[in-house]
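Working notes for the structure below.
Remember, predicted model here, so these are calculated numbers, not experimental data. In the text below, chain A, chain B and the rest are named by the order of the sequence lines, each starting its count at 1. Atom set for the values below is all heavy atoms of this structure, side chains included, hydrogens, waters and symmetry mates excluded.
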Number of protein chains: 2
Amino acid sequence: MTESRADAPRHETAGRMARVLVVDDEPQLVRALTINLRARKYEVDAAHDGASALHLAATRHPDVIILDLGLPDMDGVEVISGLRGWTRVPVIVLSARHASDEKVEALDAGADDYVTKPFGMDELLARLRAAVRRATPADEEDVVVETGALTFDLAAKKVRRDGSDVRLTPTEWHVLEVLVRNSGRLVTQRQLLQDVWGPSYETETNYLRVYMAQLRRKLEKDPAHPRHFITESGMGYRFER
Amino acid sequence: MTESRADAPRHETAGRMARVLVVDDEPQLVRALTINLRARKYEVDAAHDGASALHLAATRHPDVIILDLGLPDMDGVEVISGLRGWTRVPVIVLSARHASDEKVEALDAGADDYVTKPFGMDELLARLRAAVRRATPADEEDVVVETGALTFDLAAKKVRRDGSDVRLTPTEWHVLEVLVRNSGRLVTQRQLLQDVWGPSYETETNYLRVYMAQLRRKLEKDPAHPRHFITESGMGYRFER
DNA sequence: TTGGGGCGTCAGGACTTCGTCAACGGACGC
DNA sequence: GCGTCCGTTGACGAAGTCCTGACGCCCCAA
């Protein structure tokens with residue numbers, strides 16, 4: 001009965017199933033969660049300490065993070081702060097402590113939800129769905145952006161140029177996506193580097209030069225004089241439709 | 001101790017304090033919540049049944065709703081569904097029922113959080129802050145300032161003059177931004193130098209002369225007789241729209 | 001009238017940032 | 001084990017930006 005509605009609501013992001021990062025130092029709990037989540041078609045990554053949690057968050061870009069507060073290497077609130085410096089990904093805190101002030105601390109540090117152990121798997125999954133749903137922008141339809149010759153389908157991860165598909169590498173796509181989602185707005189080099197490569201790459205501006213060049217070569221009519229992928233020297237880049 | 005951090009994080013939306021709609025049929029609880037919330041500078045509306053809750057949600061546009069599931073006139077989940085048809089306002093559910101399936105039901109109906117009675121006021125307030133914080137970026141402050149021929153979009157870092165984009169260098173932007181954010185007010189040379197170049201450049205007034213000239217050349221119709229970028233001799237500069 | 005302070009303008013050189021290319025090495029499939 | 005694809009580096013000239021000093025104007029006070 002409690003099981004029946006487990007897969008009822010959508011819990012996907014932009015077409016694919018949501019990716020979950022599970023952070024806990026108890027292997028058994030991680031295992032149980034992983035099995036349950038995979039059974040519901042989530043993609044699951046797991047970390048057993050704070051350091052690898054932050055690293056995985058940066059490299060894998062999960063759609064939601066389940067975070068145990070009792071980690072061996074760092075305080076759970078520190079992990080939250082470390083995440084909130086550069087991302088707003090939903091964080092659901094797990095903790096054995098019922099103490100009110102710990103809840104308050106975690107929530108004010110930027111956590112989105114707080115579940116005390118032992119918890120019901122159904123409830124956790126429901127809270128997970130709620131977190132993913134919240135984080136998914138309402139404009140799910142609005143993911144097709146068009147310019148004269150270019151068409152981006154952000155949901156399907158497809159780019160067409162003059163009617164034929166263009167192949168992009170994962171990183172190229174990621175850069176493109178950030179720019180297109182901020183269509184018309186200036187995106188700072190910092191934000192691009194953080195969004196695509198993670199917070200520790202903030203200064204690797206040559207990555208951007210390489211990938212902007214590749215995007216222009218694949219998408220611009222005259223790559224040397226770009227019309228859509230504009231450089232704002234010293235500040236960042238801008239996608240102009 | 002648990003009280004001390006109550007007003008620490010911001011819980012405002014676009015400058016004003018957040019508006020909360022409290023929905024519960026127990027007058028005592030409504031009263032207690034109202035007092036606590038008002039003490040923390042929230043604006044509070046209260047409803048004691050589902051029908052008036054829906055009505056108040058529509059007319060008062062709260063930033064967050066605290067909703068008791070045990071209402072006299074309708075099921076709590078129906079209220080959530082009624083809301084979700086047209087708004088994504090965060091809903092925090094209160095309930096005396098600990099049953100897991102009820103939580104799942106409410107969350108899947110579109111609730112954002114679920115707190116069981118009896119609850120700690122600190123915890124509820126923390127969850128409230130989390131909900132407001134999450135929802136805030138939706139109305140990303142679109143700082144657009146317009147004068148006759150000029151349009152500044154501070155968020156997108158875009159300037160248009162007579163309909164066509166104007167390119168500014170990073171420093172030019174920085175100067176412009178300080179002036180425009182203080183639209184109509186005099187900005188002293190000192191403040192400009194400090195904001196743009198840093199505290200150790202307070203006396204380099206010739207920087208200002210150079211950059212004001214460049215801004216005028218790019219933005220004024222008659223740079224020699226500026227209309228918007230006004231010099232207040234001996235004091236500073238002023239942007240007049 | 002004269003001198004000086006504050007301001008606007010201009011242009012060149014130092015410096016930073018950008019675009020481009022080529023090469024390396026790991027991951028993956030065949 | 002071999003080729004391919006992809007991400008990462010480093011190097012270089014080109015382009016863009018910033019600072020600086022010089023000069024002239026205007027206004028006001030001496």
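Here C:dG6 presents its P atom at 16 Å from CD of B:Glu232, a figure rounded to the nearest Å. Summarising the geometry, the separation between CZ on B:Arg238 and C1' on C:dC7 is reported as 17 Å, rounded to the nearest angstrom. Straight-line distance from the OH atom of A:Tyr237 to the P atom of C:dT17: 12 Å, rounded to whole Å. Per the geometry, CG belonging to A:Leu208 stands 9 Å off P belonging to C:dC18, to the nearest Å. One can place CD of A:Glu204 at 14 Å from P of C:dC18, the figure rounded to the nearest angstrom. With rounding to whole Å, A:Tyr207 atom OH is found 18 Å from C:dG19 atom C1'. The distance between atom CD of B:Glu220 and atom P of C:dT9, rounded to the nearest whole Å, is 10 Å.
A salt bridge between B:Arg129 and A:Asp112 is absent, with no side-chain N of the basic residue lying under 4.0 Å from a carboxylate O of the acidic one. Between A:Asp45 and A:Arg60 there is a salt bridge, since a side-chain N of the basic residue sits under 4.0 Å from a carboxylate O of the acidic one. In summary, B:Arg167 and A:Glu232 engage in a salt bridge, as defined by a charged side-chain N under 4.0 Å from a carboxylate O. The existence of a salt bridge linking B:Glu172 and B:Lys218 is confirmed by a sub-4.0 Å separation between a basic side-chain nitrogen and an acidic carboxylate oxygen.
Heavy-atom contacts of chain B under 4.0 Å fall on DNA chain D between two terminal nucleotides, which in 5' to 3' order are D:dT17 to D:dT20.
Of the residues near DNA chain D, A:Gln214 and A:Arg209, the one whose nearest nucleotide (by heavy atom distance) lies more toward the 5' end is A:Gln214.
In this structure, A:Tyr211 reaches the bases: a heavy-atom distance under 4.0 Å links it to at least one base atom across the strands shown. At a threshold of 4.0 angstrom between heavy atoms, the contacts of A:Gln189 are confined to the sugar-phosphate backbone, with no base atom among them. Among the atoms of the strands shown, none is found under 4.0 Å from any heavy atom of A:Arg217. Across all strands, B:Thr205 comes closer than 4.0 Å to no nucleic acid atom at all (heavy-atom distances). Counting any heavy atom pair closer than 4.0 Å across all strands shown, A:Tyr201 reaches no nucleic acid atom. Contacts of B:Trp197 with the nucleic acid, taken as non-hydrogen atoms under 4.0 Å apart, involve only primed sugar atoms and P, OP1 or OP2.
Residues A:Pro62 and A:Val89 come closest through the heavy atom pair O-CG2, 3.3 Å. Nearest heavy-atom pair across B:Trp173 and B:Val159 is CZ2-CG2, 3.7 Å.
For an aromatic pair to be called close, the ring centres must be under 6.0 Å apart, and A:Tyr211 with A:Phe229 fails this.
Residue B:Thr231 places at least one side-chain N or O closer than 4.0 Å to OP1 or OP2 of C:dG8.
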